[in-house]
Amino acid sequence: MYKKNDYTVRQLAEDLKTNPRYVSMVLSECYGMNYKTFVNKFRVEDAMAMLSNEEYDSMNVEDIGTAAGFLNKQSFFTYFIKIAGTTPLRYRKNVRG
């Protein structure tokens, strides 16, 4: 569900049959992050896997961000740098040699 760029904490709470406040509290206390960062961490991890895989060589970095669930380039780059510590393009170059 995290690949859906419009999937909200409210929808997650409904899927888990609880309330958004409880979901937010659990994410904060157990994972040390808010919902947005939690979801974007999974998206960045997917993007990293795609950037590492030759099957995705025909896709540009922005398209990989969209495929991973990011709504726009700015959001993708911001969270990728925050989580991976580098830009998506540098990451692709470094893992591919």
Side-chain angles (χ1 to χ4, degrees):
M1 299 307 289
Y2 64 87
K3 285 190 177 185
K4 290 180 155 185
N5 58 34
D6 60 349
Y7 192 66
T8 65
V9 68
R10 182 174 303 283
Q11 290 169 310
L12 175 59
E14 287 175 13
D15 290 345
L16 295 173
K17 303 200 183 334
T18 189
N19 64 62
R21 220 175 303 163
Y22 181 73
V23 170
S24 294
M25 182 197 68
V26 169
L27 292 174
S28 178
E29 290 185 16
C30 295
Y31 298 97
M33 59 185 81
N34 63 24
Y35 171 78
K36 195 172 199 175
T37 302
F38 183 77
V39 169
N40 285 329
K41 180 180 175 292
F42 286 103
R43 292 174 178 164
V44 167
E45 289 170 355
D46 278 358
M48 290 169 74
M50 287 187 262
L51 291 165
S52 301
N53 189 326
E54 291 177 3
E55 288 182 40
Y56 298 95
D57 281 355
S58 64
M59 292 176 72
N60 67 38
V61 170
E62 291 83 7
D63 291 339
I64 287 176
T66 301
F70 285 94
L71 190 57
N72 59 57
K73 178 182 173 180
Q74 171 91 20
S75 178
F76 174 48
F77 275 67
T78 298
Y79 275 96
F80 196 96
I81 292 167
K82 180 179 180 180
I83 293 166
T86 188
T87 66
L89 189 56
R90 282 190 198 136
Y91 180 83
R92 178 180 255 175
K93 287 178 182 177
N94 288 340
V95 298
R96 302 303 286 296

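Under a 3.5 Å cut-off, the side chain of Asn53 and the backbone N or O of Tyr56 do not form any donor-acceptor pair.
Connection of Ile83 to Phe76 is established within a shared hydrophobic cluster, with ILVMFWY side chains joined at heavy-atom distances below 4.5 Å, either directly or through further cluster members. Hydrophobic clustering (ILVMFWY, side-chain heavy atoms < 4.5 Å, transitive): Leu71 and Phe77 are in distinct clusters. Following chains of ILVMFWY side-chain contacts shorter than 4.5 Å, one can reach Val95 starting from Met50, so the two form part of one hydrophobic cluster. In the hydrophobic clustering of ILVMFWY residues, with side-chain heavy atoms under 4.5 Å counting as a link, Val39 and Phe70 come out apart. Note on Met33 and Val44: separate hydrophobic clusters, where clusters join Ile, Leu, Val, Met, Phe, Trp and Tyr whose side-chain heavy atoms are under 4.5 Å apart, directly or indirectly.
Under a 4.0 Å N-O distance rule, the pair Glu45/Lys41 qualifies as a salt bridge.
Taking 4.5 Å as the limit, some side-chain heavy atom of Phe80 sits within range of a side-chain heavy atom of Leu51. Side-chain contact check for Gln74 versus Thr78: some heavy-atom pair is nearer than 4.5 Å. For the pair Ile64/Arg92, a side-chain contact is recorded, criterion being any heavy-atom separation below 4.5 Å from C-beta on. Annotation: side chain of Asp15 is in contact with side chain of Tyr7 (closest heavy-atom distance under 4.5 Å).
Here the shortest heavy-atom pairing between Ala67 and Lys3 reads O-CD, 3.9 Å. Residues Tyr2 and Arg43 share a closest heavy-atom pair of O-NE, 2.6 Å. Scanning all heavy atoms of the two residues, the minimum distance from Ala13 to Pro20 falls at CB-N, 3.4 Å. The two residues Pro88 and Val61 come nearest to each other via the heavy atoms CB-CG1, 3.2 Å. Closest of all the heavy-atom pairs between Ala68 and Asp46 is CB-CB, 4.3 Å. A pairwise comparison of heavy atoms in Val23 and Leu16 identifies CG2-CD1, 4.3 Å as the closest pair.
Using modelled atom types, one finds a donor on one side chain and an acceptor on the other under 3.5 Å when comparing Asn34 with Thr37.
Through chains of ILVMFWY side-chain contacts below 4.5 Å, Tyr22 is grouped with Met25, Val26.
We find the CZ-CD1 distance between Arg90 and Ile81 to be 8.0 Å, quoted to the nearest 0.5 Å. Atoms OG1 and CD, on Thr8 and Glu14 in that order, are 7.0 Å from each other to the nearest 0.5 Å. For the atom pair Asn94 CG and Leu89 CG, the distance stands at 9.5 Å (nearest 0.5 Å). To the nearest 0.5 Å, atom OH of residue Tyr35 and atom CD of residue Gln11 are 7.0 Å apart.
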